[in-house]
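All remarks here apply to the structure that follows.
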Amino acid sequence: DAGVTQSPTHLIKTRGQQVTLRCSPKSGHDTVSWYQQALGQGPQFIFQYYEEEERQRGNFPDRFSGHQFPNYSSELNVNALLLGDSALYLCASSRDRATDTQYFGPGTRLTVL
Amino acid sequence: GENVEQHPSTLSVQEGDSAVIKCTYSDSASNYFPWYKQELGKRPQLIIDIRSNVGEKKDQRIAVTLNKTAKHFSLHITETQPEDSAVYFCAAKEAGGFKTIFGAGTRLFVKA
């Protein structure tokens with residue numbers, strides 16, 4: 001039973017560039033949430049996708065956008081990168097009929113120079 | 001919106017002792033409280049969770065208690081082992097929504 005997977009593992013970008021991160025949910029899961037984890041802090045909720053729609057968003061600017069595909073996988077896009085966007089980006093999946101329990105992927109470490 | 005405060009930020013215990021981490025939340029309607037363990041360079045792993053209709057839950061050496069009146073919940077680890085050393089995060093899920101709010105984390109050191 002495959003767990004949550006994310007790609008790439010690490011990414012280095014420069015200010016102003018755009019980045020796309022990818023997530024495949026755990027088998028049987030249909031809901032994907034994205035989190036940003038800055039060094040030494042707890043994960044912060046970016047948004048959640050279900051049935052290919054964003055259904056709740058945290059306090060993140062419009063530079064952060066996402067998408068969910070029919071196979072439930074998801075992408076996180078960040079435009080006009082800032083130095084402060086450097087963080088570990090975590091994806092978590094869950095089953096909608098039990099949306100409470102989330103399982104995290106290994107994360108993508110984004111460094112913005 | 002929901003806010004979760006966690007303390008202590010760092011906790012050091014001797015192997016075999018107990019460790020307690022405490023969290024408070026602001027939204028009295030929050031209904032789900034998971035705890036995650038994150039080892040260095042790894043993903044957060046769910047270790048235990050509790051729902052608002054339960055006051056206590058135990059799984060081997062780990063237990064969580066919830067006091068809805070005081071809006072706080074705690075993680076108890078008994079007979080700590082060096083492999084329990086990690087950062088632990090508490091979280092609360094907003095009622096009526098899909099957002100989970102995390103505490104800032106507690107770095108637990110278990111000394112052999």
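For clarity, every value in this text was computed on a predicted model and none was experimentally measured. Values below: every heavy atom of this structure, side chains too, minus hydrogens, waters and symmetry copies.
- Using a 4.5 Å cut-off on side-chain heavy atoms (C-beta onward), A:L90 and B:P44 make contact.
- Within 6.0 Å of NZ on A:K13 lie more than 12 heavy atoms contributed by other residues, nucleotides or ligands.
- The environment of CD in B:E5 is sparse: at most 12 heavy-atom neighbours from other residues, nucleotides or ligands sit within 6.0 Å.
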Show every donor-acceptor pair shorter than 3.5 Å between a side-chain atom in residues 104-111 of chain B and any protein atom, with sequence neighbours excluded, or say none if there are none.
residue	atom	partner	partner atom	Å
B:T106	OG1	B:Q6	NE2	3.0
B:T106	OG1	B:P8	O	2.5

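- Within the hydrophobic cluster formed by Ile, Leu, Val, Met, Phe, Trp and Tyr side chains joined at under 4.5 Å, directly or through other members, A:F60 is accompanied by A:L11, A:V19, A:L21, A:V32, A:W34, A:I46, A:F47, A:Y49, A:F64, A:L76, A:V78, A:L81, A:L83, A:Y89, A:L110, A:V112.
- Atom NZ of B:K93 sits about 9.0 Å away from atom CD of A:Q102, to the nearest 0.5 Å.
- Taking the six-membered ring for Trp, A:Y35 and B:F102 have ring centres closer than 6.0 Å.
- No single ILVMFWY cluster, assembled from side-chain heavy atoms under 4.5 Å apart, contains both B:Y36 and B:I62.
- A heavy-atom distance below 4.5 Å is not found between the side chains of A:F45 and B:E2.
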*Report the C-alpha separation of B:K42 and A:F104 in whole Å, then their side-chain angles, then the decisive distance to 0.1 Å, and conclude whether the side-chain contact (heavy atoms from CB on, under 4.5 Å) test is met.*
CA-CA 10 Å; B:K42 298 196 174 180; A:F104 282 91; over 6 Å; no
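- The local environment of CG in A:L113 is crowded, with over 12 non-hydrogen atoms from other residues, nucleotides or ligands closer than 6.0 Å.
- Interatomic distance, B:R43 CZ to A:L88 CG, rounded to the nearest 0.5 Å: 11.0 Å.
- Residue-environment remark: CZ (A:R63) exceeds the threshold of 12 foreign heavy atoms within 6.0 Å.
- With a 4.5 angstrom heavy-atom cutoff, A:Q56 touches chain B only via side-chain atoms.
- Using a 4.5 Å cut-off between heavy atoms, B:Q45 does not touch chain A at all.
- The number of heavy atoms from other shown groups lying within 6.0 Å of CD (B:E79) does not exceed 12.
- Contact annotation for B:P34: neither backbone nor side-chain heavy atoms come within less than 4.5 Å of a heavy atom of chain A.
- If you take CZ on A:R57 and NZ on B:K99, they are separated by 11.0 Å, rounding to the nearest 0.5 Å.
- Contact detail for A:Q48 and B:F98: the closest heavy-atom pair is OE1-CB, 3.2 Å.
- Looking at A:Q44, there are no atoms closer than 4.5 Å to chain B (heavy atoms on both sides), in backbone or side chain.
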